[in-house]
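Every chain is numbered from 1, with letters handed out A, B, ... down the list of sequences.
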Protein chains: 2
Amino acid sequence: MKSLSIKDIAKTARVSNSTVSRALRNSPLVNRETGDLIRRIAEDAGYRPSAAARSLVTRRTHTIGVVVTTISDPFVADVVSGIEDAAEAQGFSVFLANSHAEPAREKRVVRSFEERRVDGIIVTSSRVGSLHVSMLSRMEVPIVLLNNQHDNEAAHSVMIDNRGGSFAATQHLASHGHRRIGYIGDRGGYQSDAERLSGYQAALEAAGIEFDPALVVRGDGRPEGAREALGQLLSLADAPTGVFCYNDMSALGAMHEAGKRGLRIPEDLSLVGFDDLYISQYLNPPLTTVRQPMTGMGRMATETLLRLIAREPAPPVVTVHGELIVRESVCAPRTARARSARARSAG
Amino acid sequence: MKSLSIKDIAKTARVSNSTVSRALRNSPLVNRETGDLIRRIAEDAGYRPSAAARSLVTRRTHTIGVVVTTISDPFVADVVSGIEDAAEAQGFSVFLANSHAEPAREKRVVRSFEERRVDGIIVTSSRVGSLHVSMLSRMEVPIVLLNNQHDNEAAHSVMIDNRGGSFAATQHLASHGHRRIGYIGDRGGYQSDAERLSGYQAALEAAGIEFDPALVVRGDGRPEGAREALGQLLSLADAPTGVFCYNDMSALGAMHEAGKRGLRIPEDLSLVGFDDLYISQYLNPPLTTVRQPMTGMGRMATETLLRLIAREPAPPVVTVHGELIVRESVCAPRTARARSARARSAG
DNA sequence: AAGATTTTTGGCAACGTTTGCATTAAACTG
DNA sequence: CAGTTTAATGCAAACGTTGCCAAAAATCTT
């Protein structure tokens, strides 16, 4: 039951291998009728050219490797979805590999990609440590980084405008009258954390609020870490009335913790996230957050990668801007509300 | 800057290709010292054997194809994570493809997998329509279905015990005193929906509750559909006090809709889901649900697939049992609580 | 020390494509 | 109609491995 080769088709069509090869790729070099005949025969026989054999001679695999820390992260999953869509649309297949941020695993992944001769690589939100350096030096395939966590001049990248997004988020809080605004970051030491913090500080400054280091605490980018972080914030003598979270997962954790402590969102505590995960709109209350166009970013990354593969020019870094999505997790702080209520009754 | 081949290594090691080939795969046929030398040279040179060339002759690609409807679904993402982990552990790489449930796309995916000569295929929660039949007939590679939505004797599969899980979920509701229990299903016409419905009915019967068709409504397996479905349930004259949802995403939608209508969970409405997504534990209130070991199932699917590829025997269908995870979205219905309160004050 | 073994190596034909070059057949040219 | 161009085909050499078979080298046997 061996799968048939080009020779089999050639034989039944009574032509040479080359003609079949050409016919199947619709080469103009082959006579219309012969071509049609050959294609019909191939189709009927269910012939499928061997990608391996083909790429052996063309030196192109039409394959891209995608490294993610973990596909279980909804942010990553969406990005990968966009990557796959864009790749598929251009006839490329994607190898997906979890690195789980384990150096050993990263090594194996890179080696595997090398052996498979992927035409290009996309690395998603990696701390890009050991992995990246070794990769760049050995492989000569194009690489694009998506929301990478380290500056890297050597590779192309697409990234979210962290600073702008967090500025908008913090400003939103300030514009509702919050003066004590906390920031729950990610202790991973990521560049995105630093940038979001900086946007937060900038917004504070713009609103004339003095920056208080006690108001910035770190979680781990996931609900659990954020719960603890929020705890720290809440134990402050002068606790914040609004908190900007590094990402929606952190906001989810904060929301959960607040609920546990009997605090209502947003009446007792306003919350803003970052990402706009699919679920965020269904939270109670729906989360106000900064939207990252995740699948779009995946698509962009793929497009610049494909461009690079085709040796076409591509922008070294494309920055995409987040959009503040206002929902219901922010309102004026209690004090301000009390004040305006007083004003109202007085008036 | 062409990547080097086995010949280059052979030349600098002053041995033949075959020896290099053997040495690199640690064949006992090659002298210890020569082997070490060769390996050192290859290592230093950063040589990477070409998977394409290798698989051309061995007729094995050490590659598996994974088809999912969409990787954006957190359930699917977790499954894929398990698949990739298990595959990687055995030196297999995975091609990931979204089908988006579009027949045309499914066709292209299958064709791509054929051309790439994947050693096996895993199909996740597919309605497995057009795709599957054509696939099975043409490709002679092993296939395993994960939570497939159609009976299929031809392929191996791993599936969750839908009936058992929903029985437990419904029973849980009944045991809290609920008599009017709704079911929000998935109108997609999936087998899993039918099975969960059947488990729900069985639990009703076991609890001596008469089945009321008006209490089963259908969503779309996502929050949006569930919101509408819950609306129908709530508009009933004798509305349910507890609802079992087809999956956690539906439960999320129901929770959201309930919140919008000012209903508190679980005081005014008890809710049970199915899946135990990562986020479910962080909802407000934390969702009581039936846990599916998603990454574990992905792992199992991969293991049976790999076994099949190795022509080892493998169980045609492995059924995994869900576990009821009790959290805080269920309590006794208002009526029962009122009754017990009365009893207490009377006693 | 000459066979007889056993290790270790090398040669070479696959595997299934693509592609440059040569060849043949067909269609123009003047 | 011979000579030329053009269109269509075939040949054969890659591409980078593996694995069978033979050859060579080393190690035993008496």
Side-chain angles (χ1 to χ4, degrees), chain A residues 1-39 41-42 45-63 91 111-119 140, chain B residues 1-39 41-42 45-63 91 111-112 114-119:
Chain A
M1 204 51 50
K2 62 184 287 295
S3 75
L4 31 137
S5 85
I6 215 173
K7 283 187 196 127
D8 303 301
I9 308 300
K11 193 173 299 169
T12 87
R14 299 170 164 288
V15 293
S16 71
N17 294 356
S18 343
T19 307
V20 174
S21 172
R22 285 188 272 250
L24 293 179
R25 281 167 309 134
N26 296 308
S27 160
L29 290 186
V30 34
N31 177 287
R32 192 93 164 96
E33 294 178 34
T34 344
D36 288 343
L37 175 66
I38 293 175
R39 278 183 290 270
I41 294 183
Y47 166 74
R48 292 288 179 267
S50 155
R54 187 209 301 278
S55 63
L56 195 52
V57 19
T58 63
R59 306 170 120 354
R60 275 298 169 77
T61 56
H62 280 258
T63 273
R111 167 179 285 260
S112 151
F113 284 174
E114 288 176 327
E115 298 193 348
R116 302 206 179 273
R117 304 284 193 269
V118 297
D119 290 337
E140 66 268 8
Chain B
M1 204 51 51
K2 61 185 287 294
S3 77
L4 23 119
S5 84
I6 216 173
K7 284 187 195 127
D8 303 300
I9 309 300
K11 193 173 300 171
T12 87
R14 302 173 160 285
V15 293
S16 70
N17 294 356
S18 340
T19 306
V20 175
S21 172
R22 285 187 277 251
L24 293 179
R25 280 166 309 135
N26 295 309
S27 159
L29 290 187
V30 38
N31 178 287
R32 191 93 163 95
E33 293 179 35
T34 345
D36 288 344
L37 174 66
I38 292 175
R39 279 183 291 271
I41 293 183
Y47 166 73
R48 292 289 180 265
S50 156
R54 189 209 300 278
S55 63
L56 195 52
V57 20
T58 62
R59 307 170 122 348
R60 275 298 169 79
T61 57
H62 280 259
T63 273
R111 167 179 286 259
S112 151
E114 288 177 326
E115 298 193 348
R116 301 207 180 273
R117 304 284 192 270
V118 298
D119 290 337

When rounded to the nearest 0.5 angstrom, what is the spacing between [atom1] in [X] and [atom2] in [Y]?
X      : Y      : atom1 : atom2 : result
A/S16  : A/R22  : OG    : CZ    : 6.5 Å
B/R116 : A/R116 : CZ    : CZ    : 11.0 Å
B/R59  : A/S3   : CZ    : OG    : 6.0 Å
B/S18  : B/L29  : OG    : CG    : 11.0 Å
A/I9   : A/I38  : CD1   : CD1   : 9.5 Å

Can you list the steps and then say if A/D36 with A/R39 is a salt bridge (Lys or Arg N to Asp or Glu O under 4.0 Å)? CA-CA 5 Å; A/D36 288 343; A/R39 278 183 290 270; 2.9 Å; yes
Please report, rounded to the nearest Å, how far the [atom2] atom of [N] is from the [atom1] atom of [X].
X      : N      : atom1 : atom2 : answer
B/D8   : D/dC15 : CG    : C1'   : 13 Å
B/L56  : D/dT18 : CG    : P     : 11 Å
B/R48  : D/dT17 : CZ    : P     : 12 Å
B/R54  : C/dT17 : CZ    : P     : 20 Å
B/R117 : C/dT17 : CZ    : C1'   : 11 Å
A/E115 : D/dT18 : CD    : C1'   : 15 Å
A/L24  : C/dT19 : CG    : C1'   : 15 Å
B/K7   : D/dG16 : NZ    : P     : 7 Å

Close side-chain approach of A/I6 to A/Y47, heavy-atom, < 4.5 Å: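 Yes, their side chains come closer than 4.5 Å.
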Whichever of A/V20 and B/A53 has its nearest DNA chain C nucleotide further upstream toward 5':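 Upstream on the strand: B/A53.
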Could you tell me whether the phosphate oxygens of C/dT19, OP1 or OP2, come under 4.0 Å of any side-chain nitrogen or oxygen in A/R25?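 Yes, because at least one side-chain N or O of A/R25 sits under 4.0 Å from OP1 or OP2 of C/dT19.
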Within the pair B/R59 and C/dG16, is there a side-chain N or O less than 4.0 Å away from OP1 or OP2?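 It does, given that an N or O in the side chain of B/R59 lies less than 4.0 Å from OP1 or OP2 of C/dG16.
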Produce a footprint string for nucleotides 6-13 of chain C: one letter per nucleotide, 5' end first; B if the base is under 4.0 Å from any protein heavy atom, S if only the sugar-phosphate is, - if neither. --SBBBB-
Compare the minimum distances between each of D/dG16, C/dT18, D/dT18 and the side chain of B/T58, then state the nucleotide with the smallest one.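 Closest nucleotide to the B/T58 side chain: D/dT18.
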